[in-house]
Amino acid sequence: MVIVLTLTMIVAVITIAGVLVTRAPQVFANAEAPVLPDGLRLPDGTRPLAVTAGPTWFLVVTTDNRILFFDRAGALRQEVPLIEELAD
């Protein structure tokens, strides 16, 4: 009985892993990326490190340790420097 249960659990784990591997690319392929406005321009000399989007804003983290908040139109609304202790 223990052997049957062990074999059943092994088959179940392999089946779940197989479903995840075969179905995940289809799920991610259908995901829509946010549309960035054409007017969104970073300040001179800055390079983006990470970008995220909210319902009415975009947030860009730059390589020079700043967070830039843009509205949906692409206008820079706020700039926040990162604290050096958190940036390391």
Side-chain angles (χ1 to χ4, degrees):
M1 191 146 163
V2 172
I3 293 172
V4 173
L5 181 59
T6 302
L7 291 175
T8 304
M9 289 175 50
I10 290 171
V11 170
V13 168
I14 290 171
T15 303
I16 291 172
V19 168
L20 288 175
V21 167
T22 58
R23 302 289 180 184
Q26 296 170 358
V27 171
F28 292 121
N30 294 333
E32 293 183 26
V35 178
L36 296 175
D38 293 332
L40 193 134
R41 299 285 182 253
L42 294 177
D44 291 334
T46 59
R47 292 183 20 216
L49 183 64
V51 177
T52 190
T56 60
W57 50 266
F58 293 101
L59 182 135
V60 179
V61 179
T62 63
T63 56
D64 58 352
N65 297 326
R66 291 186 291 167
I67 301 173
L68 306 174
F69 291 92
F70 294 91
D71 63 12
R72 276 290 183 191
L76 180 62
R77 292 294 178 196
Q78 187 175 2
E79 180 178 327
V80 179
L82 289 174
I83 299 170
E84 288 300 320
E85 292 83 30
L86 296 177
D88 290 335

Could you give the distance from [atom1] ([X]) to [atom2] ([Y]), rounded to the nearest 0.5 Å?
{"X": "L42", "Y": "R47", "atom1": "CG", "atom2": "CZ", "answer": "11.0 Å"}
{"X": "F70", "Y": "Q78", "atom1": "CZ", "atom2": "CD", "answer": "12.0 Å"}
{"X": "T46", "Y": "N65", "atom1": "OG1", "atom2": "CG", "answer": "12.5 Å"}

**Message:** My understanding is that only residues two or more places apart in sequence, or in another chain, count here; which of them pass side-chain contact (heavy atoms from CB on, under 4.5 Å) with T56?
**Reply:** none
**Message:** I need the minimum non-hydrogen distance between L68 and L76, along with the two atoms involved.
**Reply:** CB-CD1, 3.9 Å
**Prompt:** Of the non-hydrogen atoms in V60 and P48, which two are nearest, and what is the gap between them?
**Reply:** CG1-CB, 3.9 Å
Would you mind listing the cluster partners of [X]? Hydrophobic ones only (ILVMFWY), side-chain contacts under 4.5 Å, chaining allowed.
{"X": "L7", "answer": "I3"}
{"X": "L20", "answer": "I16"}
{"X": "M1", "answer": "none"}

**Fill in**
By side chain to side chain donor-acceptor pair (under 3.5 Å), E79 pairs with (sequence neighbours left out) R66
**Partners passing side chain to side chain donor-acceptor pair (under 3.5 Å) against R77 (at least two apart in sequence or in another chain)** = D71
